[in-house]
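To keep things clear, I will list the structure first and then write my remarks on it.
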Amino acid sequence: MFNVQEVFSQMTLREKIGQTFLQYYQGYEDLPESLIEMNKRTELGGIIFFSGNNVRSLEQFREMNKRIQAHAQENRFGIPILLTIDQEGGQLTAIHQGTTMFPGNMAMGFANDEEMAYKQGAHVAKELQYAGIDVCYAPVLDVSYDRVNGVPVVDNRMYSSKPNVVADMGTGFIKGLEENGIAACGKHFPGMRLTQEDTHFKMDVHPGDMKRLEEVELAPYKKAIANGLGCVMMHHGIFPPLDGEKPASMSKKVVDYLRNDLGFKGLIVTDDLIMKAVLDAYGERQPLVEAMNAGCDLLMSTCAGEWYVDFMEECVQNGTISEERINEACLKVLEYKATYNCGTFPEEKEFDKAKGDEIAYEIAKKSLILYKGEKADFPVKLDEKQKLGIIFGNPARLVMSDAINLYDKLSIEETVKKHGYHNNTKEVIMPWRPTHMEMVSVGDIAIISDFVIFTTVNAYCFEEQIETIKYIRDFCPTKKIIGVATRSPEDAKPLAEYCDYVIVTGGLTQVTLNALVEAVFGDGDFEFNPAKQLFE
């Protein structure tokens with residue numbers, strides 16, 4: 001590995017600037033020629049990968065990353081290129097072919113098992129090492145709550161609405177990554193609210209006071225930092241108790257609080273500065289200046305590209321950014337690369353995917369919540385002549401962070417048949433906002449069936465789904481119906497009014513469906529622990 005101080009002392013300003021940015025491209029085999037040339041000029045510091053744009057399988061990704069690091073030998077100092085990706089588990093699993101598909105953070109929070117979180121982190125770290133990744137943008141340390149009753153909504157990337165559960169699960173995952181050579185990145189500091197104000201589209205202003213921040217949002221970060229968190233990603237929201245004017249990602253006050261008050265010594269990276277919340281307020285280039293001056297070390301902007309070095313050099317020359325600030329950020333990135341031995345690949349797989357799959361299933365099984373109904377009624381046993389009707393809430397991509405929902409086919413019917421539980425089935429996909437005729441169409445499946453499974457996708461805001469189950473119940477007053485809330489647990493309460501049983505899964509992945517089908521038709525097992533007390 002290179003000598004940090006020796007290399008740093010010889011670097012030009014442009015070379016230092018290059019280390020402070022994450023480039024982005026579309027491709028599956030190698031760097032584009034423009035980035036290869038940047039590397040030769042020692043102006044390529046790191047890359048942010050995205051599932052659809054760079055990843056098709058673990059093996060394809062590994063081979064591409066080997067080529068990338070081979071190019072690193074062509075820059076003036078042989079500095080490895082920092083390779084980064086989101087591998088959270090659940091819906092945001094960028095490397096989704098050849099790796100273990102974990103059920104997701106909300107399911108892990110329901111399971112409430114720090115040792116399981118550690119095992120997941122350790123397994124993911126070994127997969128990422130094999131792929132050649134240096135930084136994993138995980139775990140999500142945000143505490144979820146909504147405007148009504150503290151129940152997690154929208155998606156399944158957050159562990160819990162309980163700060164202690166987020167802290168415990170996040171810390172377990174971090175230890176698993178860090179102890180196996182991968183830098184963990186806690187996000188989105190100081191704590192992204194889970195609301196309809198998605199910063200991909202609109203700026204969010206946190207309504208809480210400092211007491212609220214310290215007791216809720218900041219609690220998981222405090223524990224994570226104390227347990228060796230190496231990297232933090234900044235959020236684009238505004239937090240008035242810390243800075244009422246600038247988003248956290250561009251606020252020196254917020255970064256100083258992270259450094260000085262919380263004692264964080266690691267790498268600070270921005271979230272993508274091209275998000276509409278930032279773009280609308282600051283334009284395309286000013287966020288780069290703001291984030292660097294705020295004290296961020298590594299900037300991410302998928303719109304910036306090759307002109308980043310030229311632009312930042314101009315900013316130093318005209319005094320908009322100090323050279324001292326560039327030096328600080330560059331040195332932090334170089335130290336990070338040396339500490340984590342970036343650019344190395346294991347010769348062979350040091351993980352067993354089958355064992356990872358077992359961990360994933362154990363988490364998924366432990367996470368299931370029987371919100372309504374008696375355990376004694378499970379497992380369900382159907383006569384071969386009885387028809388099982390499945391009305392499956394559309395499992396497609398719902399939010400920007402969905403990756404696996406974009407690629408992998410999900411089917412409860414196929415899962416039931418694969419596990420050998422029942423063959424006389426009929427499954428239909430229900431739109432998120434079914435029209436009246438679509439309600440009638442999916443309702444017919446219930447009418448012709450003897451037993452019904454009805455799943456929702458955030459029906460708390462897509463009320464047509466609840467209108468559909470109400471319509472079905474009116475036509476099938478005595479038929480047994482299992483309602484399943486597959487995304488937001490807030491769906492459980494309205495489902496309970498029309499269903500005989502209600503199950504909350506905490507996610508929508510294949511391993512989750514495996515666990516669901518096993519609990520319903522196999523062993524009838526629904527474990528209970530305090531983390532599942534969602535509706536106190």
Side-chain angles (χ1 to χ4, degrees), residues 1-2 4 7-8 11 14-27 30-32 34-50 53-55 61 64-87 94-95 128-129 131-138 181-185 187 230-234 249 266-274 288 291-292 296-309 311-312 326-345:
M1 183 54 67
F2 64 96
V4 172
V7 167
F8 178 76
M11 294 179 80
R14 289 181 64 86
E15 289 171 339
K16 292 174 182 177
I17 290 171
Q19 291 298 310
T20 66
F21 187 71
L22 291 165
Q23 294 285 348
Y24 151 76
Y25 70 95
Q26 294 183 345
D30 202 346
L31 292 174
S34 59
L35 294 187
I36 291 175
E37 291 303 314
M38 283 193 74
N39 172 69
K40 289 178 180 178
R41 299 193 301 270
T42 319
E43 295 179 5
L44 178 61
I47 295 172
I48 168 71
F49 293 116
F50 294 99
N53 296 322
N54 305 110
V55 186
F61 195 47
M64 180 176 69
N65 289 340
K66 280 185 173 182
R67 295 186 192 101
I68 291 173
Q69 294 297 10
H71 290 304
Q73 299 306 310
E74 300 172 357
N75 69 56
R76 194 155 71 99
F77 306 104
I79 305 172
I81 299 166
L82 192 71
L83 304 183
T84 71
I85 201 166
D86 296 278
Q87 191 78 353
I95 314 171
L128 293 179
Q129 278 200 323
I133 288 295
D134 305 306
V135 179
C136 177
Y137 295 124
I182 294 294
C185 180
K187 59 187 184 185
C231 180
V232 164
M233 178 181 287
M234 304 300 291
S249 53
L267 192 71
I268 298 178
V269 59
T270 69
D271 206 342
D272 195 348
L273 293 167
I274 192 57
L288 299 169
M292 181 59 69
C296 296
D297 307 304
L298 192 56
L299 309 189
M300 183 194 308
S301 176
T302 51
C303 75
E306 301 156 39
W307 54 259
Y308 174 81
V309 176
F311 173 69
M312 297 298 272
I326 297 294
N327 288 342
E328 290 173 352
C330 173
L331 191 57
K332 184 70 72 172
V333 174
L334 292 177
E335 289 172 343
Y336 212 68
K337 289 183 177 183
T339 299
Y340 286 91
N341 201 27
C342 295
T344 60
F345 293 78

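Here the side chains of Leu31 and Arg67 are not in contact, with every heavy-atom distance at 4.5 Å or above. Between Leu35 and His71 the shortest side-chain heavy-atom distance does not fall below 4.5 Å. With a 4.5 Å cut-off on side-chain heavy atoms, Met38 and Val309 count as touching. Here the side chains of Val269 and Leu22 are in contact, with some heavy-atom distance below 4.5 Å. Using a 4.5 Å heavy-atom threshold, the side chains of Ile95 and Phe49 count as separate. Counting heavy atoms from C-beta on, the side chains of Phe50 and Gln26 never come closer than 4.5 Å. Counting only heavy atoms from C-beta outward, the side chains of Lys16 and Gln19 never approach each other to under 4.5 Å. Glu74 places a side-chain heavy atom less than 4.5 Å from the side chain of Asn39.
Separation of atoms CE (Met312) and OG1 (Thr20) is listed at 5.5 Å; rounding is to 0.5 Å. If you take CE on Met234 and CE on Met300, they are separated by 13.0 Å, rounding to the nearest 0.5 Å. The line from CE of Met292 to CG of Leu299 is 4.5 Å long, rounded to the nearest 0.5 Å. One distance of note links CD1 of Ile48 with CG of Asp272; it measures 8.0 Å at 0.5 Å rounding. Residue Cys231 holds its SG atom at 12.5 Å from CD1 of Ile182, rounded to the nearest 0.5 Å. One finds the CD atom of Glu43 at 4.0 Å from the CZ atom of Arg14 (value rounded to the nearest 0.5 Å).
Of the possible donor and acceptor atoms, one in the side chain of Gln69 sits under 3.5 Å from a partner among the backbone N and O of Ile81. Asn54 contributes a side-chain N or O that, together with a main-chain N or O of Gly27, makes up a donor-acceptor pair within less than 3.5 Å. Within the 3.5 Å criterion, the main-chain N or O of Leu267 finds no donor-acceptor partner in the side chain of Asp297. At distances below 3.5 Å, not a single donor-acceptor pair connects side-chain atoms of Gln23 with backbone N or O atoms of Ile47. No donor-acceptor distance shorter than 3.5 angstrom exists from the side chain of Lys337 to the backbone of Phe2, with no hydrogens or angles considered.
For the residue pair Gly132 and Leu83, the shortest heavy atom distance occurs at O-CD1, 3.5 Å. Here the shortest heavy-atom pairing between Ala131 and Phe345 reads O-CE2, 3.6 Å. Across Lys187 and Met233, no two heavy atoms sit closer than the pair CB-CB, 3.6 Å. Shown here for Leu273 and Ala291, the closest heavy-atom pair between the two residues is CD1-CB, 4.2 Å. Smallest separation of non-hydrogen atoms from Thr270 and Cys296: CG2-SG, 3.7 Å. A pairwise comparison of heavy atoms in Ala72 and Pro80 identifies CB-CA, 3.9 Å as the closest pair.
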Apply side chain to side chain donor-acceptor pair (under 3.5 Å) to Tyr24 and Asn53, showing your working. CA-CA 9 Å; Tyr24 151 76; Asn53 296 322; 3.1 Å; yes
Before giving the answer on side chain to side chain contact (heavy atoms under 4.5 Å, CB included), spell out for Leu44 and Asn75 the whole-Å C-alpha distance, their side-chain angles and the decisive distance to 0.1 Å. CA-CA 9 Å; Leu44 178 61; Asn75 69 56; over 6 Å; no
Would Phe21 and Tyr308 count as a ring pair (Phe, Tyr, Trp, His ring centres under 6.0 Å) if you check the C-alpha gap in whole Å, the side-chain angles of each, and the deciding distance to 0.1 Å? CA-CA 8 Å; Phe21 187 71; Tyr308 174 81; 4.2 Å; yes
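Ring pair Tyr340/Tyr336 is tilted by interplanar angle, where 30° to 60° counts as tilted.
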